[in-house]
Amino acid sequence: MERRSFFKILGGTATLVAANPLIVGTLYAADGSNSMYRTYGKVQLVDESGKAILASSLTKETPYIFNYPHASTPCMLVDLPEPTSNDIELVSANGDKYIWKGGVGKDRTIVAYVAICTHQLTHPTKNNSFITYVAKDKKTVAYDRSGIIVCSAHMSAYDPAVGCKVLGGAATQPLNAVVIEVASDDTIWASGILGMDIFHEYFTDFKDELKEFYKKPALAQKLVSVSAKTVPLSKYTKEIIQY
Ligand code: FES
């Protein structure tokens with residue numbers, strides 16, 4: 001579904017009002033390019049063998065990576081130690097407000113975010129990852145408590161329990177959130193992205209790197225369909241760098 005179909009134009013002006021409950025306020029964009037919520041194909045999270053990952057099988061406080069909505073855009077799934085807050089108001093770098101609904105699963109502890117730092121787009125690759133979840137019993141120099149997501153490139157700290165609001169460091173807006181749900185059979189599904197679009201910049205800035213891993217831009221930008229392979233970050237990358 002095209003993202004612009006989620007907005008209706010009022011009175012023929014360029015004012016767009018979100019028809020989706022995840023967004024509050026009014027978005028202003030002549031072309032809809034700053035919309036805060038984009039739907040993509042609904043995909044199921046599966047393990048390396050293609051078997052459905054069940055919410056109850058996740059290891060607490062372990063960061064998992066799946067690529068969504070594009071073949072080369074890594075997202076981080078974490079089962080947090082405590083329930084998240086609900087209906088958190090977030091603000092993008094350009095001032096747009098939107099609502100993150102909260103964690104999913106029976107205890108509302110499961111969250112997913114695009115693992116591309118909103119500062120300079122640092123992200124996990126097969127070789128290394130400067131971005132990770134720091135479990136509550138671990139330490140980080142990025143902030144005075146753990147249980148947070150840290151990008152050690154320039155020490156940005158994000159709080160995954162409140163929509164990945166920025167706690168400190170160079171980042172000026174939350175990580176994009178992945179809209180996920182846990183179905184009645186305990187399977188996990190992704191269906192959209194919440195937050196200011198960073199993918200266009202990512203594909204431009206990392207053109208050479210993506211060519212190395214995905215050969216052609218079209219393959220890197222290909223939309224994921226049906227299912228997304230989900231593995232622990234420690235398997236996705238050779239080295240996790242965390243300060
Ligand atoms: S790129 Fe993540 S803090 Fe700079």
Side-chain angles (χ1 to χ4, degrees), residues 33-34 36 38 61-78 80 84 88 90-96 98 100 111-136 138-178 193-214 217 220-221 230-243:
S33 60
N34 73 346
M36 292 288 106
R38 288 96 66 201
E61 294 202 90
T62 293
Y64 295 83
I65 298 291
F66 61 99
N67 285 357
Y68 181 82
H70 300 278
S72 64
T73 48
C75 299
M76 184 177 291
L77 177 81
V78 187
L80 300 172
T84 67
I88 300 295
L90 301 174
V91 184
S92 73
N94 61 11
D96 285 329
Y98 58 103
W100 178 74
V111 297
Y113 297 97
V114 176
I116 300 174
C117 182
T118 57
H119 175 225
Q120 288 182 353
L121 309 183
T122 292
H123 55 276
T125 70
K126 287 180 184 170
N127 294 332
N128 58 47
S129 180
F130 280 80
I131 187 164
T132 190
Y133 172 81
V134 182
K136 282 193 102 168
K138 300 275 190 301
K139 286 206 181 318
T140 173
V141 299
Y143 199 61
D144 59 8
R145 70 170 168 85
S146 300
I148 61 175
I149 291 175
V150 168
C151 175
S152 291
H154 312 96
M155 294 303 158
S156 285
Y158 302 91
D159 190 346
V162 290
C164 261
K165 273 187 184 178
V166 178
L167 296 168
T172 56
Q173 64 176 343
L175 292 181
N176 278 192
V178 185
I193 300 292
L194 194 60
M196 198 164 90
D197 187 6
I198 55 169
F199 294 142
H200 181 73
E201 196 182 343
Y202 170 79
F203 290 133
T204 304
D205 289 3
F206 293 94
K207 199 163 95 187
D208 292 341
E209 176 196 292
L210 294 172
K211 198 170 169 194
E212 180 190 339
F213 292 125
Y214 296 90
Q221 295 179 32
T230 306
V231 297
L233 176 61
S234 57
K235 269 198 166 184
Y236 185 90
T237 191
K238 287 185 192 142
E239 187 181 13
I240 299 172
I241 298 142
Q242 187 248 303
Y243 302 114

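Predicted model, so just to flag it, every value in this text is computed and none were measured. As the structure lists them, so they are numbered: ligands from 1, and atoms in each ligand from 1.
Here the N, O or S atom of H154 that is nearest to atom 4 (Fe) of ligand 1 is ND1.
Inclusion of C117 in the first shell of atom 2 (Fe) of ligand 1 is supported: an N, O or S atom falls under 2.8 Å. Note on C151: not counted as a metal contact of atom 4 (Fe) of ligand 1, no N/O/S atom lying under 2.8 Å. Atom 2 (Fe) of ligand 1 has no N, O or S atom of H119 closer than 2.8 Å.
One N or O on the side chain of S146 and one on the backbone of K138 form a donor-acceptor pair closer than 3.5 Å. Y202 places a side-chain N or O within 3.5 Å of a backbone atom of S72 that can act as its donor or acceptor partner.
In the vicinity of S156, heavy-atom distances shorter than 4.0 Å reach the ligand 1 atoms 3 (S).
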Working for side-chain contact (heavy atoms from CB on, under 4.5 Å), residues R38 and F199: CA-CA 12 Å; R38 288 96 66 201; F199 294 142; 3.9 Å; yes

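Considering all non-hydrogen atoms of both residues, N176 and I198 come closest at OD1-CG1, 3.9 Å.
Side-chain contact of N94 with S92: a donor-acceptor pair under 3.5 Å is present, judged by distance alone.
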